[in-house]
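Both counts, for ligands and for their atoms, begin at 1 and track the order of listing. One-based numbering along the sequence shown. What you are looking at is a predicted structure, and each value in this text was computed from that prediction instead of being measured. Heavy atoms only: backbone and side chains are in, while hydrogens, waters and symmetry mates are out.
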Amino acid sequence: MVLLHIPVSISGIWYPIKSEIVSKTGSVGLTLVLEPYSVFEVKKSDTPVIVFNGIKIDFPNVAVLKRLGDLRVEGEAKVPLGYGYGLSGSISLAYALGASEIYNVSERVALETAHESEVLFNNGLGDVISQYYGGGLVYRKRPGAPGYGEVERVEVEWQEVYSKPIERMSTKGVIRQLDIAKALIQEFLEDRTLKKFFEVSRRFNEELGFHSDYNDSFRKKGLIVKLGNPAESGWISHVPAMRGAYVG
Ligand SMILES: Nc1ncnc2c1ncn2[C@@H]1O[C@H](COP(=O)(O)OP(=O)(O)OP(=O)(O)O)[C@@H](O)[C@H]1O
Ligand SMILES: CC(C)(CO)[C@@H](O)C(=O)[O-]
């Protein structure tokens with residue numbers, strides 16, 4: 001059995017970039033890579049099985065991941081699947097890193113396969129690479145799988161970050177190429193603070209049609225992310241995940 005820890009990934013801004021090569025397809029953007037880590041147990045199996053928070057799920061990415069060998073992946077997360085925490089990326093990464101340990105698949109091939117499974121099923125473009133490297137707030141400057149894409153950690157003075165899941169939604173609907181994304185990323189790069197990240201992410205997500213009523217916050221797909229302590233209870237507290245996905 002292999003044990004893995006994988007951080008959550010919440011993008012604030014993304015700009016999808018397509019290539020004929022799936023490993024080079026992805027997005028550039030700004031992403032929060034945060035604790036709590038999800039914990040996965042991976043073991044050999046006769047057929048691929050994914051169990052998430054105690055429930056066996058139908059996970060489409062398995063059609064691609066099974067190339068790496070048949071595995072049973074059991075994950076426990078403190079946040080729900082399908083809201084925008086990048087958990088499909090986490091499951092795919094757990095499968096891939098597990099296959100690398102258990103079946104000796106090269107890590108590079110495993111990581112590419114995890115990313116490809118996300119791209120081909122419209123479940124993510126930048127989560128696998130963000131979760132693999134970790135780093136709190138990251139600027140994804142070149143799209144693609146680890147090995148193709150490029151990630152830069154942005155050092156910011158950290159303040160409290162909270163999130164609240166609102167509703168489950170498909171990722172496909174938020175995979176849109178808006179030119180304003182590139183201008184907003186540039187605006188952030190000229191003023192690299194957490195406050196500015198929240199401001200540009202709010203403007204980007206409003207362009208996509210997602211609004212948040214809270215101060216210093218934005219809505220990413222089915223969840224709200226907020227800077228600073230919320231007035232009421234029921235929010236999840238996050239700290240930066242400085243370590244990327246790891247075995248153990
Ligand atoms: N009970 C379930 N709840 C949510 N998703 C489920 C469930 N069972 C299977 N799935 C599948 O899991 C995948 C979830 O991927 P999705 O990209 O929506 O989630 P996420 O990674 O948490 O969010 P995001 O990619 O926006 O950050 C989808 O392919 C969905 O069909
Ligand atoms: C598409 C996406 C916003 C889904 O979480 C993410 O994968 C990203 O930033 O490319």
Side-chain angles (χ1 to χ4, degrees), residues 6-19 22 24-34 36 38 40 48-65 73-75 77-95 114-133 137-146 148-151 163 165-178 181-182 184-185 197 200-201 204-205 207-208 210 218-225 236 238:
I6 308 203
V8 299
S9 149
I10 307 172
S11 292
I13 303 188
W14 53 94
Y15 183 80
I17 296 176
K18 251 192 147 161
S19 161
V22 188
K24 291 188 177 177
T25 294
S27 67
V28 294
L30 300 172
T31 301
L32 291 169
V33 195
L34 304 172
S38 307
F40 291 88
V49 177
I50 310 293
V51 179
F52 190 79
N53 282 348
I55 296 162
K56 193 169 155 191
I57 61 162
D58 262 334
F59 188 55
N61 300 29
V62 153
V64 172
L65 293 166
V73 173
E74 257 186 79
K78 299 227 163 64
V79 294
L81 177 63
Y83 286 64
Y85 290 97
L87 288 178
S88 60
S90 310
I91 299 170
S92 305
L93 199 45
Y95 199 110
H115 177 80
E116 284 181 25
S117 76
E118 281 280 277
V119 172
L120 293 171
F121 290 96
N122 289 308
N123 275 345
L125 295 172
D127 298 315
V128 167
I129 189 166
S130 304
Q131 292 165 325
Y132 179 68
Y133 289 113
L137 177 52
V138 302
Y139 166 37
R140 295 180 298 97
K141 47 169 74 170
R142 196 171 58 226
Y148 288 98
E150 197 184 340
V151 164
S163 73
I166 304 285
E167 62 179 309
R168 182 182 158 189
M169 300 178 68
S170 91
T171 301
K172 196 169 181 198
V174 301
I175 299 184
R176 286 175 53 199
Q177 217 179 32
L178 299 186
K182 290 193 278 190
L184 290 171
I185 293 168
F197 167 79
V200 292
S201 297
F204 173 72
N205 283 282
E207 285 292 321
L208 281 178
F210 292 99
F218 62 93
R219 174 171 171 161
K220 189 253 165 155
K221 205 177 87 163
L223 66 94
I224 306 284
V225 204
I236 299 155
H238 300 279

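- Note: no N/O pair closer than 3.5 Å links G89 and ligand 1 by distance alone.
- Between S170 and ligand 1, a contact under 3.5 Å exists for no N or O pair.
- Among the atoms of G124, none of the N or O lies under 3.5 angstrom from an N or O of ligand 1.
- Checked against a 3.5 angstrom limit, the closest N/O atoms of L87 and ligand 1 fall inside it.
- Between F59 and ligand 1, not a single N/O pair is under 3.5 Å apart.
- By the 3.5 Å distance cut-off applied to N or O atoms, N61 is not counted among the residues near ligand 1.
- At a heavy-atom distance under 4.0 Å, only side-chain atoms of P60, from C-beta outward, approach ligand 1.
- If you take CE on M169 and NZ on K220, they are separated by 10.5 Å, rounding to the nearest 0.5 Å.
- In this structure, atom 10 (N) of ligand 1 lies nearest to the protein heavy atom D58 O, 3.8 Å.
- Contact check on E167 versus R219 returns a salt bridge, with a Lys/Arg side-chain nitrogen under 4.0 Å from an Asp/Glu carboxylate oxygen.
- For S9, no nitrogen or oxygen atom sits less than 3.5 Å from a nitrogen or oxygen atom of ligand 1, counting backbone and side chain alike.
- Among all protein heavy atoms, the one lying closest to atom 13 (C) of ligand 1 is N123 ND2, 3.8 Å.
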